[in-house]
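For reference, the structure discussed in these notes is given below.
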Protein chains: 2
Amino acid sequence: MVRPSTAAETPEPADESYDLAEQVGFIMRQAAQRHVSIFNEIMGSDLTPTQWAVLARLYQDGGSSQNLLGRQTAMDAATIKGVVDRLLKRKLVQTKPDPQDGRRLIVELSPAGVDYTRELLPKAETVTKVTLAPLATNQRATLVALLKQLR
Amino acid sequence: MVRPSTAAETPEPADESYDLAEQVGFIMRQAAQRHVSIFNEIMGSDLTPTQWAVLARLYQDGGSSQNLLGRQTAMDAATIKGVVDRLLKRKLVQTKPDPQDGRRLIVELSPAGVDYTRELLPKAETVTKVTLAPLATNQRATLVALLKQLR
DNA sequence: TGATCCTCGTTCGTATACGAACGATATTCC
DNA sequence: GGAATATCGTTCGTATACGAACGAGGATCA
């Protein structure tokens with residue numbers, strides 16, 4: 001590590017109680033990055049984690065309005081729109097107006113999307129398995145339980 | 001939940017073993033989102049978590065080359081460049097060529113950046129505290145320890 | 001009925017995040 | 001010395017992520 005002598009060097013004994021590498025946020029960001037990397041390796045780079053979240057949610061529970069779908073997959077209205085648009089372009093998803101509510105846009109899997117999602121399900125399970133591989137079995141449940149409390 | 005009867009509805013009994021809401025990746029993304037939200041509330045929206053990571057790292061250990069700084073703060077070369085550029089524009093950081101290596105660009109805190117970072121340190125500690133607030137004391141160390149194994 | 005308020009979807013702007021490719025510079029090895 | 005290789009910083013393109021603002025539609029209530 002180079003520590004050139006300049007006015008920019010830490011001039012006072014720094015607050016030793018703060019170490020970036022020990023902050024949850026920083027560590028969580030790194031863990032998330034590793035997870036995404038594993039996801040891309042296993043699922044293939046043609047599908048992102050958020051896109052997969054949308055497919056999986058629609059596969060599990062059928063169609064819903066776009067904004068509700070966003071809430072179910074942890075995306076705000078602006079983000080879910082972009083994700084749905086890209087899935088629409090690939091015809092994995094289709095939309096139609098809600099007859100009950102003129103503001104709503106119903107999003108659902110296309111038949112091709114259903115097939116595609118079903119084929120990917122085993123790989124998605126592998127992603128979770130590989131992500132948790134460094135932990136002992138009992139630790140995995142612990143981690144998930146703790147993370148759930150931080151939502 | 002509306003489940004309109006169409007060809008897109010889940011046509012087969014879905015693989016019940018896969019529930020999106022139970023996958024680590026998905027839960028971790030939500031926990032990270034909450035953390036960022038807390039960060040923005042406490043630190044103010046004029047500084048992002050990654051920008052703070054750079055400031056904190058430079059404050060702790062002094063200047064380093066841009067790419068090394070990126071590795072220390074968990075950003076690739078393309079990402080760290082953007083972050084450094086924005087910090088440069090705000091004059092919180094300054095750069096100079098490395099006399100030892102013509103490829104390297106040394107990044108360090110400006111005097112204003114040192115002051116700014118020092119003032120924010122207490123708030124940064126609060127961010128971690130609030131993020132972990134839902135957990136019992138002994139659970140906090142457990143979570144951090146487990147997350148560290150997933151880097 | 002009409003005014004108010006809320007939700008829905010959309011758009012814009014900014015900031016990560018990262019793969020890929022590029023030229024410039026260092027290092028390694030023959 | 002010189003060629004192969006590696007690293008550095010840069011740029012481009014694409015995809016989240018989200019605050020903010022907007023118009024259209026729906027719900028509430030006087």
Side-chain angles (χ1 to χ4, degrees), chain A residues 2 25-26 28-41 43-55 64-90 95-107, chain B residues 2 25-26 28-41 43-55 64-90 95-107:
Chain A
V2 182
F26 184 67
M28 200 159 46
R29 187 159 65 88
Q30 293 180 76
Q33 285 175 359
R34 170 174 167 275
H35 165 73
V36 173
S37 170
I38 290 169
F39 181 98
N40 289 332
E41 267 181 39
M43 301 287 275
S45 57
D46 51 338
L47 198 72
T48 66
T50 48
Q51 288 171 9
W52 167 251
V54 167
L55 296 183
S64 68
S65 79
Q66 186 174 279
N67 278 8
L68 175 58
L69 181 61
R71 273 174 242 128
Q72 293 168 338
T73 52
M75 297 174 229
D76 73 356
T79 302
I80 189 65
K81 192 210 181 324
V83 175
V84 167
D85 281 352
R86 284 180 282 276
L87 291 175
L88 272 174
K89 203 187 308 180
R90 293 177 60 185
T95 61
K96 62 182 182 188
D98 185 336
Q100 261 71 53
D101 190 333
R103 299 167 301 176
R104 288 205 175 103
L105 185 66
I106 293 180
V107 184
Chain B
V2 182
F26 184 67
M28 200 158 48
R29 187 160 64 87
Q30 293 180 76
Q33 285 175 358
R34 170 175 169 275
H35 165 72
V36 173
S37 169
I38 290 168
F39 181 97
N40 288 332
E41 267 182 38
M43 302 287 276
S45 58
D46 51 338
L47 199 72
T48 66
T50 48
Q51 288 170 9
W52 168 250
V54 167
L55 295 184
S64 68
S65 77
Q66 185 172 277
N67 279 7
L68 175 58
L69 181 61
R71 274 174 242 126
Q72 294 168 338
T73 52
M75 296 174 228
D76 73 356
T79 302
I80 189 65
K81 194 213 181 319
V83 175
V84 167
D85 281 352
R86 284 180 283 274
L87 291 175
L88 272 174
K89 204 187 306 179
R90 294 177 59 185
T95 61
K96 62 182 181 186
D98 185 335
Q100 262 71 54
D101 190 333
R103 301 167 301 176
R104 289 203 174 105
L105 185 67
I106 294 180
V107 184

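Proteins get letters first, then strands, A, B, ... in listed order; numbering begins at 1 in each.
- Atom-to-atom, CZ of A:Arg29 to P of C:dC18 comes out at 8 Å; the value is rounded to the nearest Å.
- Whole-Å rounding puts the B:Trp52 CH2 to C:dA15 P distance at 18 Å.
- Within 4.0 Å of B:Thr50, counting heavy atoms only, lie sugar-phosphate atoms of the nucleic acid but no base atom.
- Remark on DNA chain D: of its neighbouring residues A:Pro49 and A:Ala78, the 5'-side contact belongs to A:Pro49, judged by nearest-heavy-atom nucleotide.
- If you take CG of B:Asp85 and C1' of D:dC12, they are 15 Å apart, rounded to a whole angstrom.
- Each of B:Arg86 and B:Gly102 lies near DNA chain C, and the nucleotide nearest B:Arg86 is the one positioned closer to the 5' end.
- Among C:dG9, C:dA17, D:dT10, the nucleotide with an atom closest to any side-chain atom of A:Ser65 is C:dG9.
- In this structure the side chain of B:Val107 never reaches within 4.5 angstrom of the side chain of B:Ile80, judged on heavy atoms.
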Worksheet item: Would A:Lys89 and A:Asp85 count as a salt bridge (Lys or Arg N to Asp or Glu O under 4.0 Å) if you check the C-alpha gap in whole Å, the side-chain angles of each, and the deciding distance to 0.1 Å?
Response: CA-CA 6 Å; A:Lys89 203 187 308 180; A:Asp85 281 352; over 6 Å; no

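- Contact annotation for B:Thr48: backbone-only contact, meaning every heavy-atom pair under 4.0 Å involves sugar-phosphate atoms and none involves a base.
- Nucleic acid contact class of B:Asp101 (heavy atoms, under 4.0 Å, all strands): sugar-phosphate only.
- Atom CG in A:Leu68 sits roughly 20 Å away from atom P in C:dC6 (whole-Å rounding).
- Contact annotation for A:Val83: backbone-only contact, meaning every heavy-atom pair under 4.0 Å involves sugar-phosphate atoms and none involves a base.
- Between the C1' atom of D:dT16 and the NE2 atom of A:His35 lies a distance of 14 Å, rounded to the nearest Å.
- The side chain of A:Lys81 contributes no N or O atom lying less than 4.0 Å from OP1 or OP2 of C:dG9.
- When the side-chain nitrogen and oxygen atoms of B:Arg71 are compared with OP1 and OP2 of D:dC8, one or more of them lie within a distance under 4.0 Å.
- Taking atom CG of residue B:Asp98 and atom P of nucleotide D:dG9, one finds them 9 Å apart after rounding to whole Å.
- Projected onto DNA chain D by closest heavy-atom contact, B:Asn67 and A:Asp76 fall at different nucleotides, the more 5' of which corresponds to B:Asn67.
- Between A:Gln51 and D:dT16 there is a side-chain N or O to OP1 or OP2 distance below 4.0 Å.
- Remark: side-chain polar atoms of B:Gln33 are paired, donor with acceptor, to backbone N or O of A:Ala74 under 3.5 angstrom.
- Between A:Arg103 and the phosphate of D:dA27, there is no side-chain N or O to OP1/OP2 separation shorter than 4.0 Å.
- Between A:Arg29 and B:His35 the shortest side-chain heavy-atom distance does not fall below 4.5 Å.
- With A:Thr79 contributing its side chain and A:Met75 its backbone, the two residues share no donor-acceptor pair below 3.5 Å.
- Between B:Arg104 and C:dA24 there is no side-chain polar atom (N or O) within less than 4.0 angstrom of OP1 or OP2.
- As judged by a 4.0 angstrom heavy-atom cut-off over every strand, A:Ser45 is placed among residues making no nucleic acid contact.
- When rounded to the nearest whole Å, the span between CG of A:Asn40 and P of C:dG19 equals 8 Å.
- Between the NZ atom of A:Lys96 and the P atom of C:dG9 there is a distance of 14 Å, given to the nearest Å.
- The side chain of A:Gln66 contributes an N or O atom lying less than 4.0 Å from OP1 or OP2 of C:dT10.
- One distance of note links CG of A:Leu69 with CD1 of A:Ile106; it measures 11.5 Å at 0.5 Å rounding.
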